[in-house]
Novice: 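Sharing a structure here in structure tokens format.
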Amino acid sequence: MRVIISAILLMFVFSDETVKAAEIELHHNAPDRYVVVQGDTLWSIASRFLKDPWRWPEIWHQNRESMKNPHMIYPGDIIILEKTAKGIQLKLSEEKAIIKLSPKMRIEKLGVHGIPTIPTHKIKPFLSQPLVIERHALDKAPLILGSSDNRVILSTGEIIYVQDLPHDKGSLWQVFRASKALMDPDDNNRILGYEAIYLGDIEVKNFAKISSVTVTHSVQEILKGDRLLPSTPDKDIYYMPHAPDFAIKGRIISVYGGITEIGENAIITLNKGTHDGLKEGHVLAVYRKSEVKSPSDEMITLPDERIGLVLIFRVFDKVSYALITQSSQAIKVLDAVKTP
């Protein structure tokens, strides 16, 4: 049975009737053909061919009438780069790559799951629960009391006990901890909200006044006093990357996990949100401002240098969360983000 791993990748088609090759640049080392493999994303495939991979929806949109089914490709499908009299085009080949299989047993859910735009497992915990909260918003959420052996750090596989856990919101919950205030460096450090840190997942074994639960997954240390919020069912999330149609400039104000230098696939927080016109799917460029000392010891500001791209996947009123999709060097807190 053929396993579908794709959705929306669209055959990128370039022609003089749609988008000229000069307008959307190919990488100098773009391959003549590429075999789709399991684990690909739309962004990763586009990155093999385009200098600005976020522009693929422009090309797909203008050619959607000519494609019978642009929403699905499969492992083994081959994407071919062609140069024709009408320009450059990328299309699916009719041939298929030979994939060697070995006997093994596996259990799969029924149904079709398309390839995501970006690695959704990276952002999954950030999609279902509020990460930007009001002060004290978690104070009334179910409270982790600890374990029977009084462990300080609670981790995957352990049975722990929770107070005030309602039985009408399901057996799957996520663990959060109230964290730092998010402040705007461009507005006298005005507080934009408070961050709630995702720590892991739990499953209820027994509902009672003091419920017993099992930690099924942890990404950080879980401690006594952490709070629970109900989990929501998984859902397919697709983003159509596009640049804002207006000029915007913001800053990276936080890196999820507390590190200061980050690269691709890291989660960052920006000091702009819906009040500033940002939407899910917007792509912004990251810029580094640098200074050098002249021979006369005068500090000279250099032109801003573009060092990466981010894709916004969740937006609140005053802040938004983004995934770093490209970085040519380490990205830092307070680096600028702008319309590319």
Novice: Given 3.5 Å as the limit, does a donor-acceptor pair link the side chain of H242 with the main chain of V283, or not?
Specialist: no
Novice: Count the heavy atoms of every other residue, nucleotide or ligand shown that sit under 6.0 Å from CD of E221, and state whether that count exceeds 12.
Specialist: no
Novice: Please name the pair of heavy atoms, one in V215 and one in I202, separated by the smallest distance, quoted to 0.1 Å.
Specialist: CA-CG2, 4.0 Å
Novice: Side-chain heavy atoms nearer than 4.5 Å, only ILVMFWY residues, links allowed to pass through others: does that put Y287 and V292 together?
Specialist: no
Novice: Is there a donor-acceptor pair closer than 3.5 Å between any side-chain N or O of S171 and the backbone N or O of V204?
Specialist: no
Novice: Where is the tightest heavy-atom contact between A322 and F313, given as atom of each residue plus distance?
Specialist: C-CE2, 3.6 Å
Novice: Please evaluate residues Y321 and E280 with respect to the criterion side chain to side chain donor-acceptor pair (under 3.5 Å), reporting the C-alpha separation (whole Å), side-chain torsions for both, the decisive distance (0.1 Å), and the verdict.
Specialist: CA-CA 9 Å; Y321 284 87; E280 294 174 356; over 6 Å; no
Novice: Could you tell me which residues satisfy side chain to side chain contact (heavy atoms under 4.5 Å, CB included) with T325, sequence neighbours excluded, listed by chain and number?
Specialist: W43, I118, L309, L311, L323
Novice: Which pairs count as ring-ring contact (aromatic ring centres under 6.0 Å, His included) when at least one residue sits in residues 135-173, sequence neighbours excluded?
Specialist: none
Novice: If you draw a 6.0 Å radius around CD1 in I159, do more than 12 non-hydrogen atoms from other residues or ligands fall strictly inside?
Specialist: no
Novice: Hey, what do you get for OG1 (T214) to NZ (K205), rounding to the nearest 0.5 Å?
Specialist: 4.5 Å
Novice: Does R135, at its CZ atom, have more than 12 non-hydrogen atoms belonging to other residues, nucleotides or ligands within less than 6.0 Å?
Specialist: no
Novice: Do NZ/NE/NH1/NH2 and the carboxylate oxygens of R306 and D52 come within less than 4.0 Å?
Specialist: yes
Novice: Whether the S254 and K180 side chains hold a donor-acceptor pair (N or O, under 3.5 Å, no angle test) is what I'd like checked.
Specialist: yes
Novice: So, S231 side chain and L172 main chain: donor-acceptor pair closer than 3.5 Å or not?
Specialist: no
Novice: Counting only N and O atoms by type, is there a donor-acceptor contact under 3.5 Å from the side chain of S328 to the main-chain atoms of I307?
Specialist: yes
Novice: Is R251 paired with D186 through a side-chain N to carboxylate O contact shorter than 4.0 Å?
Specialist: yes
Novice: Answer yes or no: does atom CG of N188 have more than 12 heavy-atom neighbours from other residues, nucleotides or ligands under 6.0 Å?
Specialist: no
Novice: Does K338 form a salt bridge (Lys or Arg N to Asp or Glu O under 4.0 Å) with D304? I'd like the steps, not just the answer.
Specialist: CA-CA 11 Å; K338 304 178 186 177; D304 287 356; 2.6 Å; yes
Novice: When you measure from the side chain of S218 to the backbone N and O of G200, does any donor-acceptor pair fall under 3.5 Å?
Specialist: no
Novice: Go through S320 and K279 one step at a time and tell me if the side chain to side chain donor-acceptor pair (under 3.5 Å) criterion holds.
Specialist: CA-CA 9 Å; S320 56; K279 298 179 180 179; over 6 Å; no
Novice: Provide the closest heavy-atom pair for S179 versus Y194 in the form atom of the first, atom of the second, distance.
Specialist: O-CD2, 4.4 Å
Novice: Could you tell me whether the side chain of D187 and the main chain of D184 form a donor-acceptor pair under 3.5 Å?
Specialist: no
Novice: What are the two closest heavy atoms between F176 and L199, and how far apart are they?
Specialist: C-CD1, 4.1 Å
Novice: Tell me the closest heavy-atom pair linking T339 and P244, and the distance in Å.
Specialist: CG2-O, 3.6 Å
Novice: How close do T216 and T156 get, heavy atom to heavy atom, and via which atoms?
Specialist: O-CG2, 3.6 Å
Novice: I would like to know whether L154 and L223 meet side chain to side chain contact (heavy atoms under 4.5 Å, CB included); could you show each step before the answer?
Specialist: CA-CA 6 Å; L154 309 170; L223 307 174; over 6 Å; no
Novice: Decide, yes or no, whether a salt bridge links R151 with E158 under the criterion of side-chain N to carboxylate O below 4.0 Å.
Specialist: yes
Novice: Mark yes or no for whether R288, through its side chain, and A330, through its backbone, hold a donor-acceptor pair below 3.5 Å.
Specialist: yes
Novice: Please check if the side chain of R48 supplies one atom and the backbone of P31 the other of a donor-acceptor pair under 3.5 Å.
Specialist: no
Novice: Yes or no on side chain to side chain contact (heavy atoms under 4.5 Å, CB included) for I78 and V36, after CA distance, side-chain angles and deciding distance?
Specialist: CA-CA 6 Å; I78 300 172; V36 179; over 6 Å; no
